[in-house]
Asker: 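The following block contains the structure, expressed as structure tokens.
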Amino acid sequence: MTHQVTATSNIDFNASGVDEILQNVAFILSTFVIPCPLYRDFGFRLDTLPPFQLAKRRNTARLIESIQRFEPRAVVVDVDYLGDIFVGKLEPVVKVIVNE
């Protein structure tokens with residue numbers, strides 16, 4: 001079964017199973033790379049420099065690598081983006097399959 005995941009700010013500390021895995025992926029999507037002290041490479045790095053398609057490809061590759069590294073139970077099927085690069089808002093939407 002494929003699940004669509006976006007960034008989240010809500011954390012359910014009692015999550016388990018598939019919900020826990022999806023929550024972990026959402027947390028990776030909501031965390032930018034530098035803010036985690038002592039773990040600087042955890043999270044998502046957003047490059048918005050032109051050209052847009054190149055930045056989108058780089059960020060997609062980094063995002064897939066981050067999910068594979070920090071939540072290997074989720075297999076990324078597709079990555080898309082919502083928002084507008086010209087406004088400065090770009091939100092990743094990831095489709096994953098969960099391997100328990």
Side-chain angles (χ1 to χ4, degrees):
M1 178 177 193
T2 304
H3 303 275
Q4 185 169 320
V5 183
T6 58
T8 185
S9 60
N10 299 326
I11 297 176
D12 178 11
F13 292 102
N14 294 321
S16 62
V18 174
D19 292 333
E20 175 190 11
I21 296 168
L22 297 177
Q23 179 175 273
N24 292 344
V25 172
F27 188 71
I28 291 169
L29 296 177
S30 65
T31 306
F32 289 98
V33 165
I34 299 300
C36 292
L38 304 176
Y39 215 6
R40 297 292 186 198
D41 59 343
F42 176 85
F44 170 59
R45 179 186 312 240
L46 181 62
D47 292 336
T48 56
L49 301 174
F52 173 67
Q53 292 301 323
L54 178 61
K56 187 176 172 181
R57 285 187 203 113
R58 284 182 182 164
N59 289 323
T60 299
R62 290 176 183 151
L63 190 58
I64 291 170
E65 288 174 10
S66 185
I67 291 171
Q68 287 174 343
R69 180 175 176 195
F70 296 109
E71 185 48 81
R73 298 173 291 178
V75 177
V76 178
V77 176
D78 185 39
V79 178
D80 200 8
Y81 294 87
L82 296 177
D84 187 0
I85 189 73
F86 301 111
V87 177
K89 181 177 180 184
L90 198 60
E91 180 181 352
V93 178
V94 178
K95 291 182 183 174
V96 297
I97 297 174
V98 175
N99 290 330
E100 288 190 274

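One is the number of the first residue; the rest follow in order along the sequence.
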Asker: Show the nearest heavy-atom pair for residues His3 and Val18, with the distance to one decimal.
Answerer: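 That would be NE2-CG1, 3.8 Å.
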Asker: According to a 4.5 Å side-chain heavy-atom criterion applied to Ile, Leu, Val, Met, Phe, Trp and Tyr, with indirect links allowed, do Phe27 and Ile21 form part of one hydrophobic cluster?
Answerer: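 Shared cluster, yes.
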Asker: Looking at Thr6 and Ala26, what are the two nearest heavy atoms and their distance?
Answerer: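 Answer, listing the atom of Thr6 first, then Ala26: O-CB, 3.3 Å.
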Asker: Between atom CD1 of Ile11 and atom CG of Asn24, what is the distance when rounded to the nearest 0.5 Å?
Answerer: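 That separation rounds to 9.5 Å.
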Asker: Is there a side-chain contact between Val75 and Asn99 (heavy atoms, below 4.5 Å)?
Answerer: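 The answer is yes; the side chains approach within 4.5 Å.
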Asker: Taking atom CG of Asp80 and atom OG1 of Thr60, what is their separation to the nearest 0.5 Å?
Answerer: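 Answer rounded to 0.5 Å: 8.5 Å.
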Asker: Please report the interatomic distance CD(Glu91) to CG(Leu82), rounded to the nearest 0.5 Å.
Answerer: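 Separation between the atoms: 6.0 Å.
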Asker: How far does CG of Asn10 sit from CD of Gln23, to the nearest 0.5 angstrom?
Answerer: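 If we round to the nearest 0.5 Å, Asn10:CG and Gln23:CD are 9.0 Å apart.
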Asker: Distance check, rounded to the nearest 0.5 Å: Phe13 atom CZ versus Glu20 atom CD?
Answerer: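 Between Phe13 CZ and Glu20 CD, I get 12.0 Å after rounding to 0.5 Å.
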Asker: How long is the span from the CZ atom in Phe70 to the CD atom in Glu65, to the nearest 0.5 Å?
Answerer: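 If I round to the nearest 0.5 Å, the distance is 10.5 Å.
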Asker: Check whether Val25 and Ile64 end up in the same hydrophobic cluster, where Ile, Leu, Val, Met, Phe, Trp and Tyr are linked by side-chain heavy atoms less than 4.5 Å apart.
Answerer: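 In one cluster with Val25: Ile64, yes.
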Asker: Please find the pair of heavy atoms, one from Glu71 and one from Ile28, that lie closest to each other, and give the distance.
Answerer: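 Residues Glu71 and Ile28, closest heavy atoms: CB-CD1, 4.2 Å.
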Asker: Can you spot which of Val79, Leu63, Val93 makes a side-chain contact (heavy atoms from CB on, under 4.5 Å) with Leu29?
Answerer: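 Of the listed residues Val79, Leu63, Val93, the side-chain contact (heavy atoms from CB on, under 4.5 Å) partner of Leu29 is Leu63.
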Asker: Please name the pair of heavy atoms, one in Val76 and one in Val96, separated by the smallest distance, quoted to 0.1 Å.
Answerer: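 So the minimum-distance heavy-atom pair works out to CA-CG1, 4.1 Å.
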